[in-house]
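Notes to accompany the following structure.
Residue numbers start at 1 and run along the sequence shown. Below, all heavy atoms of this structure are taken into account, side chains as well, without hydrogens, waters or symmetry copies.
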Amino acid sequence: MGQTNIKHILQKEHLDKNDIILLLQTEGADKNQLFKYASEIKETYVGNKVFLRGLIEYSNICKKDCYYCGIRSSNKDFCRYEVSLEDIKDACNYALDKKMGSMVIQCGELQSNTFTQRIASAIKLIKFLSNGRMRITLSCGEQTPEVYKKWFEAGAERYLLRIESSNPELYKKIHPDNELHHYENRIQAIKDLKRIGFQTGTGVMIGLPFQSIENLADDILFMRESDIDMCGMGPYIEHENTPLFEHKNLLMPLNLRYELALKMIAVLRIVMKDINIASTTALQAINNKGKRTALQIGANVIMPNLTPAKYKSDYHLYKNKPGSGLSIDNELEFSANEIKKANCITAYGEYGDAMHFLNR
């Protein structure tokens, strides 16, 4: 592209689709300039702190049958589990002891009164144990507005509902065509979450079969138009026990998916300057410096996995997910080291609310 052209794009107040496409196609010196500018934007708008989110992978039981996901309902090659309230209590006490200001409850998607109540009980337990000093993020899939409101009133403040692709046609290619997997329902759920009052997040997979660079540019625009507060996105990593694995011949090499994911993080930081962006495990699955690099070029959240070791190996959304053999102490130590190596500061004891949400 050339230094002059990229400098011209980066100086724009409002990037359009063509600008974003060009930034996502940068290589060499242009890519370095993109990363440098994104880092500067991060420093200016959200600072150099990295917020810790203690992650509990609550359950791998899922009604959905998404074509890309290792815990899809049709996959019978692993054990299903649900953690107990005692497990939640142990994780929360550990997080409090280590001065984390926030926890994440992530799980497969279920819709039932029993499931709703169990998540509400977990939320209330964390609030009780922390004297209300612990922020809670949920990533529990599509629910009715009534369920979202119940969880919000129980004490959860944030919700991450990844769209995976904002393109309706691509969405249909990576999901079954039935009542459980409607694109319009996903969009409506994101709107419901915002209306109820959650700090709302979404995210996409990068490097999917059938996905174009134009699709990814539209994903960035979708996040801006949806006015999200936080984002978790990363490279698509195939799982052999999924239908999408049949299209592995359409995939770009893993290293290119990784580089494209980093560019998506950098561009999103530039486009949405004050949101929270997670440094995700999928990056680490491809490159052992992945989380660190994401923090250097735009991300400001990292999520040490506090799931009990006996369950970790069964929450595999994709193959070769890192961290399955690490103890909780090792997880936290690894995260702290990555933050330090990225020349960032660990924000111990801080909630880490999205500045975008607070400034709205």
Side-chain angles (χ1 to χ4, degrees), residues 1-46 48 163-167 170 202-225 228 231-237 250-280 282-301 341-344:
M1 186 193 303
Q3 290 292 307
T4 302
N5 286 338
I6 191 172
K7 186 175 181 181
H8 170 72
I9 292 173
L10 294 175
Q11 287 176 340
K12 286 187 173 184
E13 186 173 342
H14 194 83
L15 300 184
D16 61 26
K17 182 174 178 177
N18 287 333
D19 295 328
I20 293 170
I21 289 171
L22 289 172
L23 292 178
L24 293 176
Q25 292 174 326
T26 53
E27 301 292 343
D30 286 340
K31 183 185 73 174
N32 293 338
Q33 181 68 20
L34 167 65
F35 288 172
K36 182 176 183 293
Y37 186 69
S39 179
E40 292 169 356
I41 291 293
K42 175 195 164 187
E43 181 80 24
T44 299
Y45 287 87
V46 298
N48 199 34
I163 188 71
E164 304 302 1
S165 173
S166 66
N167 180 276
L170 180 54
T202 193
V204 297
M205 288 181 290
I206 298 145
L208 285 161
F210 316 112
Q211 188 181 56
S212 68
I213 202 78
E214 289 79 12
N215 293 153
L216 290 171
D218 284 333
D219 289 337
I220 296 281
L221 295 174
F222 168 80
M223 288 187 262
R224 181 169 70 188
E225 290 161 7
I228 61 167
C231 178
M233 61 181 173
Y236 165 69
I237 302 174
L250 300 177
L251 294 173
M252 65 179 72
L254 275 172
N255 67 307
L256 295 184
R257 282 177 256 168
Y258 169 79
E259 289 293 333
L260 190 52
L262 290 177
K263 285 185 274 189
M264 283 285 287
I265 289 171
V267 174
L268 182 61
R269 174 55 70 198
I270 293 166
V271 170
M272 302 194 74
K273 296 176 172 55
D274 57 355
I275 69 170
N276 283 343
I277 301 176
S279 177
T280 58
L283 293 164
Q284 196 73 21
I286 299 176
N287 187 307
N288 61 11
K289 296 180 181 178
K291 285 189 176 182
R292 179 194 321 173
T293 305
L295 295 175
Q296 290 170 329
I297 55 93
N300 67 324
V301 170
K341 290 174 182 176
N343 294 317
C344 297

- Message: With side-chain contact (heavy atoms from CB on, under 4.5 Å) as the test, pick out the partner of Met233 among Thr280, Leu268, Thr202.
- Response: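 Option passing the side-chain contact (heavy atoms from CB on, under 4.5 Å) with Met233: Leu268.
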- Leu260, Ile213, Asp30 screened by side-chain contact (heavy atoms from CB on, under 4.5 Å) with Gln25, the one that passes: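 The single option meeting the side-chain contact (heavy atoms from CB on, under 4.5 Å) with Gln25 is Ile213.
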On a heavy-atom basis, which atom in [X] and which in [Y] lie closest, and how many Å separate them?
| X | Y | value |
| --- | --- | --- |
| Glu214 | Ile21 | CG-CD1, 3.8 Å |
| Asp274 | Val46 | CA-CG1, 3.7 Å |
| Phe35 | Ala266 | CD2-CB, 3.8 Å |
| Asn48 | Asn343 | ND2-O, 2.8 Å |

[X] side chain near [Y] side chain, heavy-atom distance below 4.5 Å:
| X | Y | answer |
| --- | --- | --- |
| Val267 | Leu216 | no |
| Ser279 | Val301 | no |
| Ile286 | Pro235 | yes |

- Task: Applying side-chain contact (heavy atoms from CB on, under 4.5 Å), run through Leu22 and Ile6 and close with a yes or a no.
- Result: CA-CA 8 Å; Leu22 289 172; Ile6 191 172; over 6 Å; no
- Message: Under a 3.5 Å threshold, yes or no: a donor from one side chain and an acceptor from the other, between Asp218 and Ser166?
- Response: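 There is no such pair between these side chains.
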- Message: With no hydrogens and no angle check, just 3.5 Å: does a side-chain donor-acceptor pair link Asn276 and Asn300?
- Response: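 The answer is yes; a qualifying pair exists.
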- If you count the non-hydrogen atoms of other residues, nucleotides and ligands that lie under 6.0 Å from OH in Tyr45, is the total more than 12?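 Not buried by this count: 12 neighbours or fewer within 6.0 Å.
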- Message: Check whether Gln211 reaches the backbone of Leu208 with its side chain - one donor and one acceptor, N or O, closer than 3.5 Å.
- Response: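 Here the side-chain-to-backbone pair exists.
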- Could Lys263 and Glu259 be called an ion pair, given the rule that one side-chain N must be under 4.0 Å from one carboxylate O?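 No, no charged N to carboxylate O under 4.0 Å.
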- Trace of the side-chain contact (heavy atoms from CB on, under 4.5 Å) decision for Ser165 with Met205: CA-CA 7 Å; Ser165 173; Met205 288 181 290; over 6 Å; no
- Message: Working to the nearest 0.5 angstrom, can you tell me the gap between Leu262 CG and Leu283 CG?
- Response: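 Answer rounded to 0.5 Å: 5.5 Å.
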- Non-neighbouring partners of Phe210 that pass ring-ring contact (aromatic ring centres under 6.0 Å, His included), sequence neighbours left out: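 Phe210 satisfies ring-ring contact (aromatic ring centres under 6.0 Å, His included) with His247 once adjacent residues are dropped.
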Scan the side chains in residues 290-298 for donor-acceptor partners under 3.5 Å anywhere in the protein, sequence neighbours excluded, and list what turns up.
{"unit_1": "Arg292", "atom_1": "NE", "unit_2": "Glu338", "atom_2": "OE1", "d": "3.3"}
{"unit_1": "Arg292", "atom_1": "NH2", "unit_2": "Glu338", "atom_2": "OE2", "d": "3.4"}
{"unit_1": "Thr293", "atom_1": "OG1", "unit_2": "Lys289", "atom_2": "O", "d": "2.8"}

